[in-house]
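When a ligand or atom number is given, it counts from 1 through the structure's own listing order.
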Amino acid sequence: MVLTSKEIDAYESDGYFVQHNALSQDAVEHLLSCTMDFQTQTHPGHVLEKDGKTHRAFHGCHLYDDTYNELIRAPQFLIPAQQLLHDNVYIHQLKVNVKQAFSGEMWPWHQDYIYWRNEDNIPTANIVSVMIFLDDIDEFNGPLFFIPGSHTIGCVDASKAADAPKGWEGNVSASLTYQIDAPLVTRLVKKGGLFSATGKKGTAVWFHGNLVHASPPNISPHNRRIVILTYNAVSNIPTTQPQNLRPEFLNGRDYRPLVTQDAGQLAQPA
Ligand code: SIN
Ligand code: MN
């Protein structure tokens, strides 16, 4: 549960590393059964694909669901987050991206930290995400692509995409607000290559807020459901609030340091 120096070195040099068997198959099934219930509920943090009917993402589930509230305190995620950020942490963002079979849309090339900097006033990139696989993910069902080492360029001042929806909806859409352009992606890939985040359900992948990433649409018959927890250091909370404050399901405001909780049904396999 405590990260090895090899994992920390990989995070620093590549901007990501893989944590195998972070959740047991039973824990994944338990999370999935809660998540599927969300499909029948309405909530402001639930987002649809462009077709206006397929669920794309559920945001801020820890704010209304006990299992997700337990997940953010599970030692296998909370302890590495504290280790990577060298501080106590809280949740800035939690989302389930469901990228459904046949209809899940793409995520264009981008960095995450620019959203947290420009929209939420998070002062530095000392913020980390962990993506947890709720399905087996392969090359067919829309895995994330990372450009190894791309976090070392820092936060790129991307201008707002003209075709992105206005307001926070553009931050979660297949037409994203801040994107990395093709010439820069080409240069970064020439240097760092590409990594495709595939693996068994229960796998977790940690990644830096400035790592350049994207994912293709899911035209396969298999869902690609993932949870992304974003932990921020308590020393990195906004010192002023933006004029257009995003909803709490995108911009966490409970800055109390999280304390580990016996993970119960979410315990890591031995
Ligand atoms: C993200 O970049 O935040 C999510 C991408 C994905 O779900 O494929
Ligand atoms: Mn992202």
Lys95: numbered ligand 1 atoms lying under 4.0 Å from its heavy atoms:
1 (C), 3 (O)
Of the options Trp109, Phe207, Phe195, which is the one that meets His213 in a ring-ring contact (aromatic ring centres under 6.0 Å, His included)?
Phe207
Protein contact to atom 4 (C) of ligand 1 [nearest heavy atom, distance to 0.1 Å]
Asn97 ND2, 3.2 Å
Considering the heavy atoms of Ile226, write down every atom of ligand 1 situated less than 4.0 Å from one of them.
7 (O)
So is Met106 close enough to ligand 1, meaning a heavy atom under 4.0 angstrom away?
no
For ring-ring contact (aromatic ring centres under 6.0 Å, His included), just list the numbers for Tyr113 and Tyr178, CA-CA rounded to whole Å, side-chain angles, deciding distance to a tenth of an Å, and then say yes or no.
CA-CA 10 Å; Tyr113 175 57; Tyr178 304 108; over 10 Å; no
Closest protein heavy atom to atom 5 (C) of ligand 1, given as residue, atom name and distance to 0.1 Å:
Trp107 CG, 3.4 Å
Is the number of heavy atoms from other residues, nucleotides or ligands under 6.0 Å of Asp51 CG greater than 12?
yes
Can you tell me, to 10 degrees, how wide the angle at the Mn ion (ligand 2) is between NE2 on His213 and NE2 on His110?
90°
Measure the NE2-CG distance between His30 and Leu134 for me, rounded to the nearest 0.5 Å.
12.0 Å
Classify the contact between Glu105 and ligand 1 as side chain, backbone, both or neither, using a heavy-atom distance cut-off of under 4.0 Å.
neither
Is it true that Tyr11 and His208 have ring centroids separated by less than 6.0 Å?
yes
Go through ligand 1 atom by atom and flag the ones less than 4.0 Å from a non-hydrogen atom of Ser215.
6 (C), 8 (O)
Apply ring-ring contact (aromatic ring centres under 6.0 Å, His included) to residues Phe58 and His46 and explain how you reach the verdict.
CA-CA 4 Å; Phe58 305 117; His46 293 183; 4.6 Å; yes
The Mn ion (ligand 2) - closest N/O/S atom in Asp112
OD1
Can you spot which of Arg56, His55, Gln100, Lys99 makes a side-chain hydrogen bond (donor to acceptor under 3.5 Å, both in side chains) with Glu49?
Arg56
